[in-house]
K.L.:
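Could you have a look at this structure, given as structure tokens, before my questions?
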There are 2 protein chains.
Amino acid sequence: MARQARALATRQAVLLAAAEVFDERGYAAATMSEILDRAGVTKGALYFHFRSKEELALAVIEGQGAWLATWQPSSDSPVQTLIDLGYAFAHALQDDPLVRGSIRLTIEHGSFTQPQIAAYQGWSDVARGLLERARDAGDLHPGVDLAAAAGVITGAVTGIQLSSQVLTDRRDLIQRMADLWTLVLPGLVQPHALARLSVAERVPS
Amino acid sequence: MARQARALATRQAVLLAAAEVFDERGYAAATMSEILDRAGVTKGALYFHFRSKEELALAVIEGQGAWLATWQPSSDSPVQTLIDLGYAFAHALQDDPLVRGSIRLTIEHGSFTQPQIAAYQGWSDVARGLLERARDAGDLHPGVDLAAAAGVITGAVTGIQLSSQVLTDRRDLIQRMADLWTLVLPGLVQPHALARLSVAERVPS
DNA sequence: GGTAGAATACCTACTGGACGGTATGCGGCC
DNA sequence: GGCCGCATACCGTCCAGTAGGTATTCTACC
């Protein structure tokens, strides 16, 4: 077990370094050498754990699903949960290198096509599920197309995150999320439900 | 003039081929050889017109500003103009290789940082200007933060376009734009103005 | 209106370097 | 002493960019 622990540590170091470099440079511009340097690992070690650059990238992308899997709904109303999820994700984007790298690789379509689709679908499905629960609770406007709304919200979060990254290195991401909800919620939820929601971030005390 | 005509033709051929390759592969993964092949031009010709790969990419990015510059407002209400602009842009993304390549390079931050910021700002400014006119016309809800709304709309369009590209190669982009406006407009414009807007695409007869 | 010569526009062949990936060797824990 | 986990050295490929020559077209003068 002890020697497996060492192996796991280097594997994690490689994964973290790869996520950072992929986040900063993108897949094609990222070089194995830089990943090696940053991980403090040699080529042999890396290629022992990952058979190719692409396999390494896929492992980084996995980090996104892992984050979403560990996320716990905030037990409130479904719409509030969706809002909170957005903020939690925003903070992960600001702080968690693995999530950052994963998102950049997801957004950068090209070399590998399948996992990106899965990632987008994953987010859209989560949003859709929450919206369904909200509709069943009578919180939404009657005519709302759930699939369409889920798609728009997923896409909008993607784009807002991107523009925030380009313009302010994600410093104003939280504010932009609040702006999004302010603009979108009136078209989604009924006034009585809107009154119970907190659009701004609810900091866990 | 005649010599300029020939030169201009090869320059355009290079620009078009570059936009296509950048669109398909991204900046780093795009190779000059592929651009040369597709343009049917030799290296010497290309490097006569563009001094480096980066300069070529910048020229492609310019295409976006050029498109926006040639665009003519549809003389309606400001909000309707904004909606129409979205659809016009969507069609350009589906059909115009230069716009496609330009957008991909804009979204792909990294190597060159300045022009992307300018591009985002350009779109945001246009949206902001139209929203200001809409507010002055009394179409918007009183408390709307114009800058925030413009930023959200710009970002949302960016993201929707991206997810549509990844999921369906932009085939459902028009539909997603309609979904966006359906969701966003109620939080933006007052009911009396909303009634006069056509959210779905207005095909010019 | 024909021609010299000067730009302009383009072509071919090449280079140095970096990149992803591999072959092989070796130390240390079981 | 065997195998897991890594280290080192190396390889073939490909890439952006350049050097230097050649063709094409414009300008100017007769």
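Computed from a predicted structure; not experimentally measured. The figures that follow rest on heavy atoms only: side chains count, while hydrogens, waters and symmetry mates do not. Here is the naming used below: chain letters follow the sequence lines, and residue numbers restart at 1 for every chain.
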K.L.:
Is it true that B/Arg196 and B/Asp139 make a salt bridge, defined as a side-chain N closer than 4.0 Å to a carboxylate O?
P.N.:
yes
K.L.:
With a 4.0 Å cut-off on heavy atoms, is A/Ala30 in touch with a base, just the backbone sugar-phosphate, or nothing at all?
P.N.:
sugar-phosphate
K.L.:
B/Gln12 CD to C/dA9 C1': how many Å, rounded?
P.N.:
16 Å
K.L.:
For B/Leu8 and C/dT8, what is the distance between atoms CG and C1' respectively, to the nearest whole Å?
P.N.:
14 Å
K.L.:
Please tell me if A/Thr10 has a side-chain N or O lying less than 4.0 Å from either OP1 or OP2 of D/dC6.
P.N.:
yes
K.L.:
What residues form a ring pair (Phe, Tyr, Trp, His ring centres under 6.0 Å) with B/Phe89, not counting sequence neighbours?
P.N.:
B/Trp67, B/Trp123
K.L.:
Which residues in residues 34-49 of chain B have a heavy atom closer than 4.0 Å to any atom of DNA chain D?
P.N.:
B/Lys43, B/Tyr47
K.L.:
Please name all residues satisfying side chain to side chain donor-acceptor pair (under 3.5 Å) with A/Arg25, sequence neighbours left out, ordered by chain then number.
P.N.:
A/Glu34
K.L.:
Could you list the residues that satisfy salt bridge (charged side-chain N to carboxylate O under 4.0 Å, His left out) with B/Arg128, not counting sequence neighbours?
P.N.:
B/Glu132
K.L.:
Do the side-chain N or O atoms of B/Ser33 get closer than 4.0 angstrom to the phosphate oxygens (OP1, OP2) of D/dC14?
P.N.:
no
K.L.:
Which residues, if any, of residues 14-24 of chain B bring a heavy atom under 4.0 Å of DNA chain C?
P.N.:
none
K.L.:
Of all residues at least two apart in sequence or in a different chain, which pass the side chain to side chain donor-acceptor pair (under 3.5 Å) check with A/Asp145?
P.N.:
none
K.L.:
What is the distance, rounded to the nearest whole Å, between atom CE of A/Met32 and atom P of C/dG21?
P.N.:
6 Å
K.L.:
CZ of A/Arg25 versus P of C/dC19: gap in Å, rounded?
P.N.:
11 Å
K.L.:
Atom CG of A/Leu56 and atom C1' of C/dC19: how far apart are they, to the nearest Å?
P.N.:
15 Å
K.L.:
I'd like to check the side chain to side chain donor-acceptor pair (under 3.5 Å) partners of B/Thr31; sequence neighbours left out, ordered by chain and number.
P.N.:
none
K.L.:
Give me each pair satisfying salt bridge (Lys or Arg N to Asp or Glu O under 4.0 Å) with a member in residues 12-21 of chain A, each pair once, sequence neighbours excluded.
P.N.:
A/Glu20-A/Arg38
K.L.:
B/Ser74 and B/Gln80: side-chain hydrogen bond (donor to acceptor under 3.5 Å, both in side chains), yes or no, with the steps?
P.N.:
CA-CA 8 Å; B/Ser74 46; B/Gln80 186 67 56; over 6 Å; no
K.L.:
In this structure, how many angstroms lie between the P atom of D/dC4 and the CZ atom of A/Arg11, rounded?
P.N.:
17 Å
K.L.:
Check side chain to side chain donor-acceptor pair (under 3.5 Å) between A/Arg170 and all other residues, then give those that pass, not counting sequence neighbours.
P.N.:
A/Gln165
